[in-house]
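Here's the structure we're looking at; comments come further down.
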Amino acid sequence: MTVVTAEALAPAGPAHRTARNRSLPSWPVAGILLLYPLWWALGLGVLIFPMAAVPMVFLLLRRRAAGRPLRLPPGFVWWVIFLVAVVASIAALGADPPGTVAERAGDRLVAVVYKLSMYASLTVLLIYTGNLTEAELSRRRLVRLLAGMFVVTVLGGLLGMVAGNFEFTSPVEWLLPGGMRGKGFVKSLVHPYAAQIMDIVGDPKPRPAAPWGYTNTWGNNFCLLLPWLVVAAWASRGSGRKLLAVIFLAVSVAPAIASLNRGLWIGVGLLLVYVALRYVLAGRLWILLLLPVVGGLLALAVTATPLGTTVQARLDNGKSNGVRSFLIDKALDGFTGSPVIGYGGTRDTLGGRNSITVGESASCERCGNFTVGGNGQLWQLLYAHGAAGTLGYLGFFAYGLWRFRHDRSPIGIAGSAALVTSFSAMLWYNSLVTPLAFMFLAYALLWRNSIEGSDL
């Protein structure tokens with residue numbers, strides 16, 4: 001017979017409450033990743049990051065108050081330098097560099113506050129994820145969640161291929177005033193759609209975007225998340241899941257090609273070369289046999305299917321090359337005008353590269369306003385936050401690559417590969433919001449691996 005004592009029925013004492021307060025639940029991180037398709041459909045999308053950052057801050061402070069120290073990621077001083085530069089650069093928000101549209105500082109403040117809030121929210125995500133223990137959110141589970149995000153990305157790409165015009169009004173969008181709902185920036189945040197319809201190869205074609213809002217963001221996230229599917233399959237028990245992963249990787253080639261995203265193609269190539277190099281340096285020469293096989297299969301998929309025609313058409317049509325060169329020149333010219341702190345944000349050009357006339361026309365289809373700093377994270381860093389911001393941003397991720405260079409585990413190689421591809425991507429992609437989130441989660445996995453040792 002079991003005897004229930006008065007002590008057993010008594011409320012938990014301070015020691016029990018303290019132990020409970022020291023733990024961090026996994027749901028703020030897992031909820032973002034596992035339910036992201038839902039957030040996208042509701043119209044929350046990237047807005048889920050600042051929303052989730054609020055309970056993360058509360059939980060971190062509660063655990064700190066309970067006596068458990070708060071860890072900061074290695075090299076965090078570099079990221080602090082970047083954040084300080086972002087804030088300091090607001091002082092130049094009222095400046096109108098030559099060749100840009102004149103505006104009041106107040107008109108530019110909304111976009112700046114949005115970006116600053118996202119940088120702050122993702123910083124919280126990095127710290128929170130790095131302070132989770134294996135019991136709270138294991139690295140194995142986090143890898144599976146990131147692999148799931150790659151699956152979501154590919155499925156969104158397939159949706160964009162077969163139903164390029166698919167879109168709908170989200171619940172959040174319905175709640176917004178009509179005037180606000182119609183603004184392009186607001187619509188990009190709350191209006192779900194499958195693809196961007198763009199004339200890149202001579203006629204309008206859908207370019208996969210779901211659930212990331214933009215085709216370029218879709219391509220960036222494809223590269224950042226692809227390694228985690230491979231790691232998750234590697235760590236799985238049984239050949240069934242490994243075979244499914246191989247099949248899914250083969251399927252992913254179709255939306256990757258259909259995206260017409262040359263930056264994505266370069267990123268995947270860099271990813272394969274980097275991973276092969278890491279394995280060769282670790283003495284695993286079998287990768288030298290696998291790499292040509294993978295390359296041959298990719299070449300076969302492209303040449304033996306209509307995808308080859310798509311690739312050739314994209315290579316023959318470099319309409320964006322001139323615009324990118326024009327904007328890079330503008331960004332570098334602006335950098336020389338305010339080299340230390342930049343201008344606090346992006347600027348719109350007066351006209352386009354072919355004319356100062358604002359607006360496209362039959363005689364000048366490439367005329368119109370372009371965003372200086374909108375064609376790559378590197379150019380935005382130089383233009384908006386100057387040398388100080390650029391040094392802090394690049395310094396943080398470069399330090400991470402150097403600090404974790406000896407980690408030869410699957411997580412170590414996949415995490416560093418994601419960071420390497422991000423350095424390539426910053427030449428043509430902007431990182432806010434989800435690409436930076438996945439870069440931070442890769443950093444957190446590398447950081448936790450260095451503390452807890454590899455279990456994959």
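Counting only N and O atoms by type, the side chains of Thr434 and Asn221 include a donor and acceptor under 3.5 Å apart. Between the side chains of Asn449 and Ser409, a donor-acceptor pair is found at a separation under 3.5 Å. Tyr429 and Ser422 share no side-chain donor-acceptor pair at under 3.5 Å. With no hydrogens or angles considered, no side-chain donor-acceptor pair links Glu136 and Ser26 at under 3.5 Å. For the residue pair Arg68/Asn131, the side-chain donor-acceptor check at 3.5 Å is not satisfied.
Counting all heavy atoms, side chain and backbone alike, Ser236 lies closest to Lys242 at O-NZ, 2.6 Å. The two residues Leu281 and Arg408 make their nearest non-hydrogen contact at O-NH2, 4.1 Å. Here the closest non-hydrogen pair linking Val190 and Glu173 is O-OE1, 3.8 Å. The heavy-atom pair separating Gly345 from Leu93 by the smallest distance is N-CD1, 4.2 Å. Pairing each heavy atom of Gly267 with each of Thr421, the nearest pair is O-CG2, 3.8 Å. Contact detail for Ser121 and Pro50: the closest heavy-atom pair is OG-CA, 3.2 Å.
Put simply, CG on Leu35 and CD1 on Ile48 are 8.5 Å apart, with the number rounded to the nearest 0.5 Å. Distance check, rounded to the nearest 0.5 Å: CZ of Arg139 to CG of Leu132 gives 12.0 Å. Between atom OG1 of residue Thr153 and atom CG of residue Leu229 there is a gap of 10.5 Å, rounded to the nearest 0.5 Å. In this structure, Glu167 CD and Lys187 NZ are separated by 6.0 Å, a value rounded to the nearest 0.5 Å. In this structure, Asn261 CG and Ile266 CD1 are separated by 9.5 Å, a value rounded to the nearest 0.5 Å. A distance of 9.0 Å separates CG of Asn220 from OG of Ser424, quoted to the nearest 0.5 Å.
Side-chain contact between Asn375 and Trp379 is present, with at least one heavy-atom pair separated by less than 4.5 Å. Pro37 is not listed as a side-chain neighbour of Pro211, based on a closest heavy-atom distance of 4.5 Å or more. Side-chain atoms of Val230 and Val275, non-hydrogen and from C-beta on, never get closer than 4.5 Å to each other. Tyr393 has its side chain within reach of Leu436: a pair of non-hydrogen atoms, C-beta onward, lies under 4.5 Å apart. Side-chain contact between Leu391 and Phe82 is absent, with no heavy atoms from C-beta onward closer than 4.5 Å. Side-chain contact between Leu378 and Leu394 is present, with at least one heavy-atom pair separated by less than 4.5 Å. Residues Phe326 and Thr349 form a side-chain contact, since some pair of their non-hydrogen atoms from C-beta on lies under 4.5 Å apart. Within the 4.5 Å cutoff, the side chain of Trp228 has no heavy atoms near those of the Leu145 side chain.
Tyr193 and Phe168 have their aromatic ring centers separated by at least 6.0 angstrom. Between Trp212 and Phe438, the gap from one ring centroid to the other is short of 6.0 Å. Checked against the 6.0 Å centroid criterion, the rings of Trp79 and Phe396 qualify as a close aromatic pair. Between Phe222 and Trp218, a ring centre-to-centre spacing shorter than 6.0 Å is recorded. Between Phe49 and Trp39, the ring centre distance reaches or exceeds 6.0 Å.
Judged by distance alone, with hydrogens and angles left aside, the side-chain atoms of Gln196 form a donor-acceptor pair with the main-chain N or O of Thr215 at under 3.5 Å. Judged purely by atom type and a 3.5 angstrom limit, Thr336 uses its side chain to pair as donor or acceptor with the backbone of Asp333. No donor-acceptor pair under 3.5 Å is formed between the side chain of Thr129 and the backbone N or O of Leu126. With Gln377 contributing its side chain and Asn430 its backbone, the two residues share no donor-acceptor pair below 3.5 Å. Arg64 places no side-chain N or O within donor-acceptor distance of the main-chain N or O of Leu59, the cut-off being under 3.5 Å. Under the 3.5 Å distance criterion, the side-chain polar atoms of Arg241 are left unmatched by any main-chain donor or acceptor of Ala233. Proximity of a side-chain donor or acceptor of Ser259 to a complementary backbone N or O of Pro208 within less than 3.5 Å is not detected.
Counted within 6.0 Å of CZ on Arg71, heavy atoms from surrounding residues, nucleotides or ligands total more than 12; the atom is thus considered enclosed.
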* Intermediate values then yes/no, side-chain contact (heavy atoms from CB on, under 4.5 Å), Leu146 and Leu445 -> CA-CA 11 Å; Leu146 290 171; Leu445 280 166; 3.8 Å; yes
* To do: Let me see the working for Val29 and Met56 under side-chain contact (heavy atoms from CB on, under 4.5 Å), right down to the final yes or no.
  => CA-CA 9 Å; Val29 177; Met56 286 186 199; 4.2 Å; yes
* To do: Any chance you could lay out the side-chain contact (heavy atoms from CB on, under 4.5 Å) test for Arg108 and Arg347, step after step, and finish with the verdict?
  => CA-CA 9 Å; Arg108 296 168 175 150; Arg347 298 290 191 274; 3.3 Å; yes
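For Thr390, there are no side chain to side chain donor-acceptor pair (under 3.5 Å) partners at least two apart in sequence or on another chain.
Ion pairing of Glu134 with Arg448 is present here, as a side-chain N (NZ or NE/NH1/NH2) and a carboxylate O approach within less than 4.0 Å.
Applying the side-chain hydrogen bond (donor to acceptor under 3.5 Å, both in side chains) test between Ser416 and each of Tyr443, Trp402, Tyr274 identifies Tyr274 as the sole match.
Below 30°, between 30° and 60°, or above 60°: for Tyr343 and Tyr383 the angle between ring planes is between 30° and 60°, a tilted geometry.
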